[in-house]
Trainee: 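Structure in structure tokens, see below.
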Amino acid sequence: MAEATLTDRAPAQIRRGYWRDVWLRLRRNRLATAGLAYVILLVLVALFAPRVLHTDPIVQDLEASKQPPSLQHPFGTDLYGRDIFARVVHGTRIALIVGSIATLVAIAIGVTLGGIAGFFGGWIDHLTIFFYSVVATFPGLLFILALTNALPPAGEPRLSKVYLAIGLSSWVGMCRLTRNLFRSFREQEYVLAARALGAGPLRIVFVHMVPNMMGFIVVALAGGFAGAIAAEAGISFLGFGVTPPNPSWGVMVSEGRSYLQSCWWMIVCPGVATLLAVFSFNLLADGLRDAVDPRHETL
Amino acid sequence: MNAYLSYTIRRLVLTVPILWGVFTVTFILFFIVPGDPARLIMGQHRDPAMQAAMQKQWGLDQPKHVQYWGFLKKMVVLDFGRSFTTKREVTQSILQRLPATAVLGLPSLTLGLLLGVAAGLWSAMRANRAVDNTIRFVTFSLVSIPFFLLAICLQWLFGQHLRILPISGYINGPWGWLHLVLPVFAMTLGSFAGLTRLTRTAVLEVLTEDYIRTAKAKGLPELVVVVRHALRNAMIPLVTNLSVSVAGALTGAFFVEAVFAWPGIGLLAVDAINNRDFPVIMGTVMFGAVLFVIADIVGDLLTACVDPRVALK
């Protein structure tokens, strides 16, 4: 919940302490803080756990097939005797790589296109609207799958195709938002002042306008992570994303499905990992939305 | 009525370039990329003579722009040609699969809407109390859970653990309609969660308006105030977002159909991409696009209908 007192300050102070205020407001939201804590844990696991953990996530050990969770294998083993704990840990890395690159691609395209459209208006604006209308009209999942199919090198499954496809298909929301924001920014005094002082379009956009929407970008970043992780797991589950034996959570869920009755750990562990990751990024996004814009009513 | 008609016609005309854009993007994504569908379909048993014959049969040996115009001309009259793999007419296959998807989508959207509006309303009336917090937590979790996981959870709980419902396959036999329960349930949960959150926000916003205070001040019971006065205006964003709900249901259908082996359009599209069956891919993409466009126009028309402040332009 946002406190009114934090916002009732002189503009100069707000400018100086904006991110500090955001942080204070975010910290007061316990669920969002929990989400942030889990996100930090995930990042640490993705960065360091594969180095600390010496179990290989891909090497098969058919003798140890389908073992339930034990001290040696905390999450049990799968059909090929691979340690599921190691696979879930390495899967964190895949999920975060996909999440970060896909989201950055989407935000970069969205902010650039939307910024150009909103700033210049005219036929550029119409062209951009046409562009994002086409992408928005394309059935979402089919667009991702079509892109994974089309990206080079043809026929070879690559992680880069997965994150590029997700990124290239999820910029519409950001583009629309940036366009509308920039159209309203354009009319404001500070832009007029900058223009009167002789600032060029690039300077106005990047020095004056983009910082004004950093709050939205941060929210989109957290939300984009959640969406991209879910999308990667989803398309990998359908068999179009990360391919076996690579330890993507979606692949693991898909492999574990046949053994739902006898070996629950094969599906529960990667499933819960996906769920918690998406959930905590969403909590963080929701908390950030309230924190960056105190007027926004919490959902 | 005249205003609605001319608005609809104008919107439909504006839709044409967008559908053309979707067609062109699909064509580029599947036809400009290397990899010959004929070769892919033959798989291991490759025979150059047969491959050439197949290419000729489907016109794949012609220059790309000739193929593009050929496809575009036929698509205008809703003819997508024949499937590369099953040799059936694409339009026929889609129409044949349509009931299976509709029988999942329509009930789940309706149920999701009814339950979502009710839950959102209840949640807003008890804002920040236990009921509200519970509803928000549940819907937030539902929005966060990837759709295929939700479907698998339901399949396991009701089909394999409790053993009260069939876990997959299409309606058949006297108790066949039971096959519908789990997929519809899964899809309902999906649309329910989003619509509950939307309703709650909208109602909370409306509840601060002056006319609500007036209604309360003249002594109307809370339920009457909320249902008769607040809900009417809170419905506007729900109606405007119709296309978003339909698009969400369509994406949900892909996963639900895959998990429950449901022979609908989602499964048709997924199989087609697997086989690089270009005519079918184009057919299903255009089907989804047209559905989205229609939902968008209907949503805007309904918005103008329920909100006199909105002028159709």
Side-chain angles (χ1 to χ4, degrees), chain A residues 1 31 129-131 133-155 226-227 229-240 249-250 253-254 256-257 260-261 264 267-268 270-272 274-283 286 297-299, chain B residues 14-15 17-22 24-26 28-30 32-35 40 128 136-137 139-141 143-149 152-153 155-156 160-161 197 200-201 204-205 243 247-248 250-251 254-255 258-259 266 269-270 273-274 276 281 284-293 296:
Chain A
M1 296 304 135
L31 282 173
I129 294 179
F130 173 71
F131 237 55
S133 302
V134 168
V135 176
T137 309
F138 216 113
L141 186 70
L142 286 182
F143 193 46
I144 301 182
L145 297 185
L147 277 166
T148 19
N149 172 66
L151 287 168
I229 290 174
E232 185 273 316
I235 60 174
S236 297
F237 170 78
L238 289 179
F240 295 99
W249 293 336
V253 168
S254 160
R257 248 188 99 196
L260 199 54
Q261 285 287 61
W264 54 268
I267 191 162
V268 167
V272 169
T274 320
L275 183 59
L276 282 180
V278 179
F279 193 63
S280 49
F281 272 110
N282 268 337
L283 279 179
D286 238 34
E297 173 61 35
T298 170
L299 273 177
Chain B
L14 286 176
T15 295
I18 294 192
L19 290 179
W20 167 77
V22 173
T24 307
V25 170
T26 316
I28 292 172
L29 289 181
F30 279 94
I32 305 298
V33 292
L40 198 93
N128 295 319
R136 271 160 72 194
F137 183 77
T139 50
F140 192 82
S141 313
V143 170
S144 294
I145 183 168
F147 221 82
F148 66 99
L149 274 179
I152 293 175
C153 284
Q155 197 178 40
W156 171 79
Q160 292 186 299
H161 185 68
R197 285 160 63 88
R200 179 180 180 275
T201 320
L204 276 182
E205 206 158 284
S243 59
L250 204 64
T251 307
F254 283 105
F255 289 107
V259 169
V270 169
I273 293 190
N274 253 331
R276 286 245 192 145
I281 293 168
T284 46
V285 165
M286 293 313 288
F287 172 80
V290 167
L291 201 66
F292 179 84
V293 164
D296 204 28

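Below, read A as the first sequence line, B as the second, and so on, with proteins coming before strands; counting in each chain starts at 1. Note that this is a predicted model, so its numbers are computed, not measured.
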Trainee: Considering only distance and modelled atom types, tabulate donor-acceptor pairs under 3.5 Å from the side chains of residues 133-140 of chain A, sequence neighbours left out.
Mentor:
| from | atom 1 | to | atom 2 | distance (Å) |
| --- | --- | --- | --- | --- |
| A:S133 | OG | A:I129 | O | 2.6 |
| A:T137 | OG1 | A:S133 | O | 2.5 |

Trainee: Tell me, for B:E205 versus chain A, whether the close heavy atoms (under 4.5 Å) come from the side chain, the backbone, both or neither.
Mentor: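 Contact with chain A: none, neither part.
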
Trainee: Could you tell me which of B:T26, B:V25, B:V290 has the largest number of non-hydrogen atom pairs under 4.5 Å with chain A?
Mentor: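 Among B:T26, B:V25, B:V290, the one with the most close pairs to chain A is B:T26.
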
Trainee: Between B:L149, B:T284, B:L291, B:D296, who has the most heavy-atom pairs with chain A when the cutoff is under 4.5 Å?
Mentor: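 Max contact count across the listed options: B:L149.
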
Trainee: Starting at CZ of B:F254, measure out to CD1 of A:I235 and round the result to the nearest 0.5 Å.
Mentor: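 Spacing of CZ (B:F254) from CD1 (A:I235) equals 13.0 Å.
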
Trainee: Measuring heavy-atom distances to chain B, does A:F237 have an atom under 4.5 Å in its side chain, in its backbone, in both, or in neither?
Mentor: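 The answer is the side chain of A:F237.
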
Trainee: Supply the atom-to-atom distance A:L275 CG to A:S280 OG, rounded to the nearest 0.5 angstrom.
Mentor: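 The OG atom of A:S280 is 9.5 Å from CG of A:L275, to the nearest 0.5 Å.
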
Trainee: Given a strict heavy-atom distance threshold of 4.5 Å, which part of B:A247 is in contact with chain A: side chain, backbone, both, or neither?
Mentor: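 Interface part for B:A247: neither.
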
Trainee: Quick check for you: among B:I145, B:I152, B:L250, B:L14, which has the greatest number of heavy-atom pairs under 4.5 Å with chain A?
Mentor: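 The residue among B:I145, B:I152, B:L250, B:L14 with the greatest pair count is B:I152.
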
Trainee: Show the numbers, then the answer: is there a side-chain contact (heavy atoms from CB on, under 4.5 Å) between A:L238 and B:F148?
Mentor: CA-CA 9 Å; A:L238 289 179; B:F148 66 99; over 6 Å; no

Trainee: Report the C-alpha separation of A:F240 and A:I144 in whole Å, then their side-chain angles, then the decisive distance to 0.1 Å, and conclude whether the side-chain contact (heavy atoms from CB on, under 4.5 Å) test is met.
Mentor: CA-CA 9 Å; A:F240 295 99; A:I144 301 182; over 6 Å; no

Trainee: Quick one: list whatever passes side-chain hydrogen bond (donor to acceptor under 3.5 Å, both in side chains) with B:S141, sequence neighbours left out.
Mentor: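 Here no residue qualifies.
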
Trainee: At a heavy-atom separation under 4.5 Å, does A:I267 approach chain B through its side chain, its backbone, both, or neither?
Mentor: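 Only the side chain of A:I267 comes within 4.5 Å of chain B.
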
Trainee: Rounded to the nearest 0.5 Å, what's the gap from CZ on B:F255 to CG on A:L141? Could you check?
Mentor: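 One finds 5.0 Å between CZ of B:F255 and CG of A:L141.
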
Trainee: Can you tell me how far the CG atom of A:D286 sits from the OG atom of B:S144, to the nearest 0.5 Å?
Mentor: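 That separation rounds to 8.5 Å.
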
Trainee: Determine the option with the most heavy-atom pairs under 4.5 angstrom with chain B, choosing from A:A230, A:G271, A:A233.
Mentor: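 Top option by heavy-atom pairs under 4.5 Å: A:A233.
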
Trainee: Between A:L147 and chain B, with a heavy-atom cut-off of 4.5 Å, which part of the residue counts as in contact: side chain, backbone, both or neither?
Mentor: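 Contact with chain B: backbone and side chain both.
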
Trainee: Examine whether an atom of B:T24 lies under 4.5 Å from a heavy atom of chain A, and if so say whether it belongs to the side chain, the backbone or both; otherwise answer neither.
Mentor: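 For B:T24, there is no contact with chain A at all, as no heavy atom is under 4.5 Å.
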
Trainee: Most heavy-atom pairs under 4.5 angstrom with chain A, which of B:T15, B:T251, B:V270, B:V293?
Mentor: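 With the most close heavy-atom pairs to chain A, the winner is B:V270.
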
Trainee: Checking heavy atoms, do the side chain of B:S243, its backbone, both or neither come under 4.5 Å from chain A?
Mentor: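 Neither part.
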
